[in-house]
Amino acid sequence: MSRRVLVAYASKMGATAEIAEGMGAEIRQHGHLVDVLDVRQVRSITKYDAVVLGSAIYTRRWRSEAVHFLRKYADALRTRQVWLFHSGPVGPHADQPQAMPKNVLRLAERVGATPAVTFPGRLELETAKGFLARRMAVTELGGDVRDWDLVGAWANDVAEAISSVEISSWPRLEPHLEEIPR
Ligand SMILES: Cc1cc2nc3c(=O)[nH]c(=O)nc-3n(C[C@H](O)[C@H](O)[C@H](O)COP(=O)(O)O)c2cc1C
């Protein structure tokens with residue numbers, strides 16, 4: 001069954017935006033109608049049945065526009081399927097799941113979403129923004145460690161879950177959410 005899906009992202013240097021695009025492409029393959037948008041471009045979520053929200057992580061925090069999105073649309077998100085992801089870890093510990101910032105955790109609980117899944121990120125000189133990012137990019141932290149297979153597999157699971165949920169059963173979605181590997 002085809003659904004309307006929003007994949008919204010908050011990204012400073014473009015890496016998370018590209019992950020969101022990759023997810024959108026995967027979810028489209030399941031026949032869903034997908035918009036992939038910077039969270040700052042979103043004016044309303046009423047037309048969407050499901051929302052995937054992702055943020056880049058900076059100094060253990062989510063980008064403020066992603067937090068703003070969660071807060072602004074909390075009531076509408078409560079009655080929709082919601083999946084969260086964040087992207088950041090680079091360098092030798094790129095495969096380490098990152099903790100959700102406390103403010104995001106509280107908002108995730110409020111909208112009934114399970115904790116965010118972590119995807120490795122990218123920190124390269126060509127795309128780095130700001131002095132600190134450029135400095136970090138030439139250390140062992142530099143490189144593009146995004147795992148496209150992992151992104152595709154997760155988006156595939158999300159798409160299948162979106163297909164399987166009856167609209168009439170929303171917002172009692174917990175059993176379906178638990179089926180998705182985190
Ligand atoms: C100043 C700075 C701080 C960062 N802090 C974190 C962090 O706390 N946790 C993390 O996992 N990644 C951190 N990163 C890595 C970024 O999240 C990573 O480069 C990410 O892919 C950037 O996403 P974007 O291109 O969508 O902005 C940091 C990067 C910079 C430049």
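Counting starts at 1 for both ligands and their atoms, following the listed order. The analysis underlying the following values was restricted to heavy atoms, covering all of them including side chains, and did not include hydrogens, waters or symmetry mates.
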Which ligand 1 atoms are under 4.0 Å away from a heavy-atom of [X]?
| X | value |
| --- | --- |
| Gly121 | 21 (O) |
| Ser11 | 24 (P), 25 (O), 26 (O), 27 (O) |
| Thr16 | 23 (O), 24 (P), 26 (O) |
| Met136 | 1 (C), 2 (C), 29 (C), 30 (C), 31 (C) |
| Ala56 | 23 (O), 24 (P), 26 (O), 27 (O) |
| Thr59 | 3 (C), 4 (C), 5 (N), 6 (C), 7 (C), 8 (O) |
| Leu132 | 1 (C) |
| Arg60 | 7 (C), 8 (O) |

So, taking the atom named [atom1] in [X] and the one named [atom2] in [Y], what distance separates them when rounded to the nearest 0.5 Å?
| X | Y | atom1 | atom2 | answer |
| --- | --- | --- | --- | --- |
| Arg3 | Ile27 | CZ | CD1 | 13.5 Å |
| Leu70 | Asn103 | CG | CG | 9.0 Å |
| Glu126 | Asp144 | CD | CG | 10.0 Å |
| Phe119 | Arg146 | CZ | CZ | 12.5 Å |
| Asn156 | Glu26 | CG | CD | 5.0 Å |
| Trp154 | Asp149 | CH2 | CG | 16.0 Å |

Go through Asp35 and Val7 one step at a time and tell me if the side-chain contact (heavy atoms from CB on, under 4.5 Å) criterion holds. CA-CA 6 Å; Asp35 290 333; Val7 181; over 6 Å; no
If you have a sec, work out which protein heavy atom is nearest [atom] and how many Å separate them, to one decimal?
| atom | value |
| --- | --- |
| atom 31 (C) of ligand 1 | Ala133 CB, 3.5 Å |
| atom 21 (O) of ligand 1 | Arg122 N, 2.9 Å |
| atom 27 (O) of ligand 1 | Tyr58 OH, 2.5 Å |
| atom 28 (C) of ligand 1 | Ile57 O, 3.8 Å |

Please walk me through it: do Tyr58 and Lys12 pass side-chain contact (heavy atoms from CB on, under 4.5 Å)? CA-CA 9 Å; Tyr58 285 90; Lys12 182 179 180 185; 3.5 Å; yes
Who's closest to atom 12 (N) of ligand 1 heavy-atom-wise, of Gly143, Gly88, Ser87, Pro101? Gly88
For His32 and Ser163, which I'm curious about, is there any donor-acceptor pair between the side chains at under 3.5 Å? yes
Count the heavy atoms belonging to other residues, nucleotides or ligands that lie under 6.0 Å from CZ of Arg61, then report whether that count exceeds 12. no
So which atom in Ala10 and which in Arg63 form the shortest heavy-atom distance, rounded to 0.1 Å? CB-CB, 3.7 Å
Determine whether the side chain, the backbone, both or neither of Arg61 has a heavy atom under 4.0 Å from any heavy atom of ligand 1. neither
Which one holds for Gln98 and ligand 1: side chain close, backbone close, both close, or neither close, with close meaning a heavy atom under 4.0 Å? side chain
Ligand 1 to [X] polar contact by distance, N or O atoms, under 3.5 Å:
| X | answer |
| --- | --- |
| Ala15 | yes |
| Pro89 | yes |
| Ala17 | no |
| Met13 | yes |

Using the side-chain contact (heavy atoms from CB on, under 4.5 Å) rule, take Gln98 and Arg60 through it: C-alpha gap first, then chi angles, then the decisive distance, then the call. CA-CA 8 Å; Gln98 299 298 297; Arg60 299 186 182 169; 5.7 Å; no
